[in-house]
Enquirer: 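Structure below; questions to follow.
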Amino acid sequence: MKCLIITGPSGAGKTLALNCLEDAGFYAADNLPPSMLPELAEYCQSIKTRQMAVVVDPRCGAPFAGLQRYIAELREHGIQTDLLYLDSSEETLIRRFKETRRPHPFFRKTQDGAPAGIAQAIATEFRLLAHARAIADRVLDTSQMTAAQFREAMLDAWAGGRHSSLLVTVTSFGFKHGLPIDADLVFDVRFLANPHYVPHLQALDGRNAGVAAYVHADPLFTGFFDRMYELTAFALPAYIREGKAYLNVAIGCTGGQHRSITLAIDLEERLRGDGYETVLIHRDLNASRPEVDEQTWTGGNEAAGPTQDAQGKTARKSRGR
């Protein structure tokens with residue numbers, strides 16, 4: 001079992017470190033007294049969790065002084081235990097607290113009753129952390145790091161470079177019903193030929209092979225789809241590097257029945273084939289449509305599309321990068 005104990009001054013990045021390790025599969029706990037470390041390790045072993053990351057710092061008060069003793073106890077029980085000290089300059093910590101406007105945990109009055117400023121609070125915490133810094137297995141200075149660089153460093157050093165997976169949701173929708181409020185990338189496909197004006201296709205939707213063939217036959221389809229896919233595929237690795245967990249690609253036509261559904265299916269299949277975890281949603285599939293049984297239409301050799309669930313949503317998932 002692996003246990004990573006994270007300590008350091010407030011504002012150096014302990015919360016961000018804990019979050020990215022939790023995303024990478026670690027059991028995460030914040031502000032734990034050192035005496036509870038053996039109990040947490042025992043619990044993690046009982047639920048068959050092989051990795052835990054714990055923030056332990058002077059916020060717990062006097063028990064923090066016993067950190068070294070409990071690290072030794074974990075190691076005696078065969079648990080690989082490392083102490084990571086996240087450091088940062090006083091100037092950087094002051095700037096970060098001013099930006100977040102959160103109170104420093106040690107922003108209190110001094111013993112003589114005089115108000116203590118942020119610099120005094122940081123100095124107090126540095127004194128309380130001096131011993132932990134001295135026994136740390138690794139010291140990482142975050143002063144000059146961006147959040148993305150810090151996240152990358154944490155994952156590379158402690159999670160074997162394993163990044164959290166990005167869940168890509170591909171949503172078809174109709175502009176007349178409004179934009180999806182959670183959309184990150186939006187593509188408008190209303191310029192493509194509209195099957196709504198083809199009598200034998202009007203009552204069907206973009207899942208139907210005949211509707212898809214009609215949309216695919218538009219001379220503008222291939223060029224647009226290729227560019228839409230290339231832009232999405234180009235952006236996804238960058239979103240992953242930034243630590244984004246969810247991305248919603250929304251594709252809209254007028255009513256959300258034909259063109260947007262066909263392109264959403266095409267894009268989801270392509271991204272799933274690339275190894276991404278995907279979910280496909282047809283938001284407006286049943287909005288303002290007559291009730292028509294697709295199976296009754298027999299035009300040509302075009303088969304009816306798959307059945308839909310009660311909410312008109314089709315979802316596919318596959319585990320990937």
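All values below come from the heavy atoms of this structure, side chains included, with hydrogens, waters and symmetry mates left out.
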Enquirer: Heavy-atom count around I181 CD1 within 6.0 Å, excluding the residue itself: above 12?
Expert: no
Enquirer: Just so I know, are the side chains of D205 and V211 near enough to count as touching, which here means a heavy-atom distance under 4.5 Å?
Expert: no
Enquirer: To the nearest 0.5 angstrom, please state how far the CG atom of D82 sits from the SG atom of C3.
Expert: 8.5 Å
Enquirer: Which atom names give the shortest non-hydrogen contact between A29 and L18, and what distance separates them?
Expert: O-CD2, 3.5 Å
Enquirer: Can you tell if the side chain of L32 reaches within under 4.5 Å of the side chain of C60, non-hydrogen atoms only?
Expert: no
Enquirer: With no hydrogens and no angle check, is any side-chain donor or acceptor of T169 less than 3.5 Å from a backbone partner on V279?
Expert: no
Enquirer: Do L236 and L271 have side chains that get closer than 4.5 Å, going by heavy atoms?
Expert: yes
Enquirer: Side chain of Q257, backbone of D284: donor and acceptor closer than 3.5 Å?
Expert: yes
Enquirer: With a 3.5 Å distance limit and no angle check, can you tell me whether E39 reaches the backbone of M36 through a side-chain donor-acceptor pair?
Expert: no
Enquirer: Flag yes if V170 and V186 sit in one hydrophobic cluster, no otherwise; membership is Ile, Leu, Val, Met, Phe, Trp, Tyr, and two members link when side-chain heavy atoms are under 4.5 Å apart.
Expert: no
Enquirer: Using the rule given for side-chain contact (heavy atoms from CB on, under 4.5 Å), can you reason through Y276 versus I240, listing the C-alpha separation, both sets of side-chain angles and the distance that settles it, and then say yes or no?
Expert: CA-CA 11 Å; Y276 289 101; I240 291 173; 3.9 Å; yes
Enquirer: Please check: side-chain N/O of T7 versus main-chain N/O of L84, any donor-acceptor pairing under 3.5 Å?
Expert: no
Enquirer: Are L220 and Y197 linked, directly or through other ILVMFWY residues, by side chains that come within less than 4.5 angstrom of each other?
Expert: no
Enquirer: Let me confirm one number: the CG-CZ distance from L21 to R151, rounded to the nearest 0.5 Å.
Expert: 11.0 Å
Enquirer: Do R133's NZ or CZ and the ring of Y85 fall within the cation-pi criteria of under 6.0 Å and 45°?
Expert: yes
Enquirer: M228, L247: one ILVMFWY side-chain cluster at the under-4.5 Å cut-off?
Expert: yes
Enquirer: Taking all non-hydrogen atoms of both residues into account, name the closest pair between G256 and S260 and its distance.
Expert: CA-OG, 3.5 Å
Enquirer: Taking the side chain as everything from C-beta on, heavy atoms only, tell me whether M52 gets closer than 4.5 Å to M1.
Expert: yes
Enquirer: When rounded to the nearest 0.5 angstrom, what distance separates CG in N208 from CG in L201?
Expert: 7.0 Å
Enquirer: Counting heavy atoms not belonging to E42, are there more than 12 under 6.0 Å from its CD?
Expert: no
Enquirer: Hey, does L93 have a side-chain heavy atom less than 4.5 Å from the side chain of E125?
Expert: no
Enquirer: Would you find a donor on one side and an acceptor on the other, under 3.5 Å apart, between the side chain of R270 and the backbone of D266?
Expert: no
Enquirer: Please work out whether the ring planes of F221 and H216 are parallel, tilted or perpendicular, with thresholds of 30° and 60°.
Expert: tilted
Enquirer: Would you say the side-chain atoms of R207 pair up with the backbone N or O of I261, donor to acceptor, closer than 3.5 Å?
Expert: no
Enquirer: Can you name the nearest heavy-atom pair linking G178 to R283, along with the distance?
Expert: O-NH2, 2.6 Å
Enquirer: Applying side-chain contact (heavy atoms from CB on, under 4.5 Å) to K14 and D57, what does each step give before you reach the verdict?
Expert: CA-CA 10 Å; K14 291 175 292 185; D57 59 38; 2.7 Å; yes
Enquirer: State yes or no: do F187 and F173 share one hydrophobic cluster built from I, L, V, M, F, W and Y residues joined by side-chain heavy-atom distances below 4.5 Å, directly or via other members?
Expert: no
Enquirer: If the plane angle is over 60° it's perpendicular, under 30° parallel, otherwise tilted; pick one for F97 and H104.
Expert: tilted
Enquirer: Please answer whether the main-chain N or O of N248 pairs with a side-chain N or O of D184 as donor and acceptor at a distance below 3.5 Å.
Expert: yes
Enquirer: Is there side-chain contact between L263 and F224, with at least one heavy-atom pair below 4.5 Å?
Expert: yes
Enquirer: Please check: side-chain N/O of D218 versus main-chain N/O of L192, any donor-acceptor pairing under 3.5 Å?
Expert: no
Enquirer: For T262 and R259, does a side-chain donor sit closer than 3.5 Å to a side-chain acceptor?
Expert: no
Enquirer: With a 4.5 Å limit on heavy-atom distance, are the side chains of L67 and L37 in contact?
Expert: yes
Enquirer: Check whether D137 reaches the backbone of L83 with its side chain - one donor and one acceptor, N or O, closer than 3.5 Å.
Expert: yes
Enquirer: Quick one, L140 with M145, criterion side-chain contact (heavy atoms from CB on, under 4.5 Å). Give me CA distance, side-chain angles, the key distance, then yes/no.
Expert: CA-CA 10 Å; L140 179 62; M145 287 184 172; 3.6 Å; yes
Enquirer: If you count the non-hydrogen atoms of other residues, nucleotides and ligands that lie under 6.0 Å from CZ in R75, is the total more than 12?
Expert: yes
Enquirer: S143 and S89: which non-hydrogen atoms are nearest, and at how many Å?
Expert: OG-N, 2.8 Å
Enquirer: Just verifying a value: how many Å separate Q80 CD and K2 NZ, rounded to the nearest 0.5 Å?
Expert: 6.0 Å
Enquirer: Got a second to check how far E73's CD is from I71's CD1, nearest 0.5 Å?
Expert: 11.5 Å
Enquirer: Evaluate whether atom CZ of R227 has more than 12 neighbouring non-hydrogen atoms of other residues, nucleotides or ligands under 6.0 angstrom away.
Expert: no
Enquirer: At their closest point, which heavy atom of P9 faces which heavy atom of F126, and how far apart are they?
Expert: CG-CE2, 3.7 Å
Enquirer: Does F64 share a hydrophobic cluster with L74, counting links as ILVMFWY side-chain heavy atoms below 4.5 Å and allowing steps through other members?
Expert: yes
Enquirer: Side chains of P195 and V215: does their closest heavy-atom pair fall under 4.5 Å?
Expert: yes
Enquirer: If I take atom CG from residue L4 and atom OG1 from residue T81, how far apart are they, to the nearest 0.5 angstrom?
Expert: 9.5 Å
Enquirer: In terms of side-chain geometry, is the basic nitrogen of R95 or E99 positioned less than 4.0 Å from the acidic oxygen of its partner?
Expert: yes
Enquirer: Assess whether side-chain contact (heavy atoms from CB on, under 4.5 Å) is satisfied between Y43 and T49, documenting all intermediate values.
Expert: CA-CA 9 Å; Y43 170 74; T49 298; over 6 Å; no
Enquirer: Compare every heavy atom of A28 with every heavy atom of E22, then report the nearest pair and how far apart it is.
Expert: CB-CB, 3.9 Å
